[in-house]
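Just below is one structure, and these are the notes that go with it.
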Amino acid sequence: MSGNIYTLPPGVPFLPSLAEGLQERLGERLSEALILLPTRRAVRELGDIFVGETGAKILPRMRPLADIDPDEPPFEPGFLSAQVQPSMPSARRRFELANLVGRYHLASGDEVDPAAMLALADPLISVLDDAAMEEVSAENLAKLTDIRDLVPEHFKNAAVFYEILQTHWPKHLEAAGVSEPMARRVALLNALADHWQETPPDHPVIIAGSTGTLGATSRLIRLVSTFEDGLIILPGLDTAMPESAWAQIRLQDRFISGTDIVEKATPEHPQISLKNLLSVLEKDRKDILIWGQDGDGTNPRRALISEALVPADSTADWPERIETLI
């Protein structure tokens with residue numbers, strides 16, 4: 001393999017096709033491979049398919065990107081996990097953040113009961129998770145102009161909201177020697193990318209099914225695509241959509257990265273995450289091969305699905321395009 005990037009067309013069963021293709025492509029080397037999948041469920045299902053359908057005798061290592069276990073390779077103890085602070089357990093985080101919210105309300109003479117404290121903490125947790133996913137530093141949270149829409153009415157015009165997120169909660173985490181759960185996940189992915197950048201693995205690495213929604217994940221995908229034994233399989237990239245329609249899928253929303261405001265992909269169209277990932281990979285759709293097939297892999301059914309997903313701004317000539325499919 002040599003930095004290959006593939007896609008399974010929309011409508012093709014992803015995991016069965018992935019298992020069959022990897023078995024054919026890698027042969028005996030399949031047992032040496034590391035396969036990174038989006039979720040633990042995907043890991044379990046792919047393992048079942050390897051055992052039940054492909055007849056693989058020794059399974060490859062399979063790990064989830066969305067639910068990293070730092071005690072499993074390539075995140076084993078004493079290696080990457082030692083470079084990143086442990087995360088605060090989710091339940092503990094919720095209760096401690098609720099307690100912090102309650103103390104601030106009590107200090108302002110506005111006492112709230114425990115249930116209300118937990119309810120007020122939940123939107124803050126969502127903001128913290130989103131900030132960690134986008135790698136937004138705490139001091140830049142106040143610059144997010146739409147952040148007030150994510151918080152209770154109670155906080156909308158109160159500086160206490162920003163004080164909790166920007167000052168007091170980070171200090172609380174520092175004193176406890178822990179990090180945000182999502183921040184740890186991002187840090188592990190970045191640490192793995194840094195390590196592989198210096199020391200590429202000597203076995204096949206496959207990232208399959210990920211759209212690279214996290215910046216850390218997209219950077220890891222880009223790195224693996226450069227490996228001699230690296231392989232990327234994207235889920236359902238629409239290679240049949242007309243170029244004029246593809247151009248209408250734009251990056252619209254904004255987020256803050258470090259100190260700069262940059263463009264962020266909006267989830268308005270199903271292909272937006274993949275288009276954003278192709279931008280990170282510096283690839284066009286024509287550069288992406290069809291997994292398990294020769295040629296472009298198109299057929300009338302997939303072409304019709306593609307037409308159904310064309311952005312509304314590009315449908316003026318829809319009758320003519322549909323006519324070509326009949």
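We use all heavy atoms of the structure for the numbers below, so side chains are in, but hydrogens, waters and symmetry mates are not.
Under the 4.5 Å side-chain criterion, counting only non-hydrogen atoms from C-beta, S210 is in contact with L65. Two residues are said to be in side-chain contact when any heavy atoms from C-beta on lie closer than 4.5 Å; L189 and T217 meet this criterion. In this structure, E180 and R93 have side chains that are in contact, with non-hydrogen atoms separated by less than 4.5 Å. T213 has its side chain out of reach of L277: every pair of non-hydrogen atoms, C-beta onward, lies at least 4.5 Å apart. At least one side-chain heavy atom of F227 sits less than 4.5 Å from a side-chain heavy atom of L223. Side-chain atoms of V224 and I221, non-hydrogen and from C-beta on, never get closer than 4.5 Å to each other. Under the 4.5 Å side-chain criterion, counting only non-hydrogen atoms from C-beta, D229 is in contact with R29. When side chains are defined from C-beta on, D238 does not count as touching L274, because their heavy atoms never get closer than 4.5 Å.
Separating the CH2 atom in W246 from the CG atom in D284 is a distance of 10.0 Å, to the nearest 0.5 Å. Distance check: R25 CZ to E20 CD gives 14.0 Å after rounding to the nearest 0.5 Å. Between atom CG of residue D194 and atom CZ of residue R219 there is a gap of 9.0 Å, rounded to the nearest 0.5 Å. The line from CG of L36 to CD1 of I206 is 8.5 Å long, rounded to the nearest 0.5 Å. Taking CG from L173 and CD from Q85, the interatomic distance works out to 8.5 Å, rounded to the nearest 0.5 Å. Taking CG of N190 as the reference point, atom CD of E135 lies at 5.0 Å (rounded to 0.5 Å).
S273 places no side-chain N or O within 3.5 Å of a backbone atom of P270 that could act as its donor or acceptor partner. For S218 (side chain) and G215 (main-chain N/O), a donor-acceptor pair under 3.5 Å exists by modelled atom type. Remark: side-chain polar atoms of R184 are paired, donor with acceptor, to backbone N or O of V84 under 3.5 angstrom.
One hydrophobic cluster, built from ILVMFWY side chains closer than 4.5 Å, holds both V178 and L128. Neither L106 nor M117 shares a network with the other; the hydrophobic side chains, linked directly or stepwise wherever heavy atoms of I, L, V, M, F, W or Y lie under 4.5 Å apart, form separate groups for each. Note on V280 and I5: separate hydrophobic clusters, where clusters join Ile, Leu, Val, Met, Phe, Trp and Tyr whose side-chain heavy atoms are under 4.5 Å apart, directly or indirectly.
Residues K275 and I249 approach most closely at NZ-O, 2.7 Å, considering heavy atoms. Heavy atoms only, all atoms of each residue included: M88 and P181 are closest at O-CG, 3.4 Å. Scanning both residues, A208 and F14, for their nearest heavy atoms gives C-CZ, 3.9 Å. Taking all atoms of both residues into account, the shortest heavy-atom contact from I49 to A19 is CG2-CB, 3.5 Å. Contact record, A42 with L15: O-CD1, 4.0 Å, taken as the closest heavy-atom pair. Heavy atoms only, all atoms of each residue included: G236 and Q271 are closest at O-NE2, 3.0 Å.
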Does the pair W169 and L100 meet the rule for a side-chain contact (heavy atoms from CB on, under 4.5 Å), with working shown? CA-CA 8 Å; W169 183 244; L100 185 59; 4.0 Å; yes
One pair to check against side-chain contact (heavy atoms from CB on, under 4.5 Å): L278 and L237. What are the steps and the verdict? CA-CA 10 Å; L278 291 185; L237 176 66; 4.1 Å; yes
Using the side-chain contact (heavy atoms from CB on, under 4.5 Å) rule, take T211 and L234 through it: C-alpha gap first, then chi angles, then the decisive distance, then the call. CA-CA 7 Å; T211 59; L234 304 178; over 6 Å; no
Determine, stepwise, if the pair V12 / W291 fulfils side-chain contact (heavy atoms from CB on, under 4.5 Å). CA-CA 10 Å; V12 175; W291 180 252; over 6 Å; no
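We find that D129 and R185 are not joined by a salt bridge, their nearest charged nitrogen and carboxylate oxygen being 4.0 Å or further apart. A salt bridge is absent between E32 and R61: the closest approach of a Lys/Arg side-chain nitrogen to an acidic carboxylate oxygen does not fall below 4.0 angstrom. Here E45 pairs with R41 in a salt bridge; the nearest charged N to carboxylate O distance falls below 4.0 Å.
Each of L124, N99, L118 was compared with R94 under the side-chain contact (heavy atoms from CB on, under 4.5 Å) criterion, and only L118 meets it.
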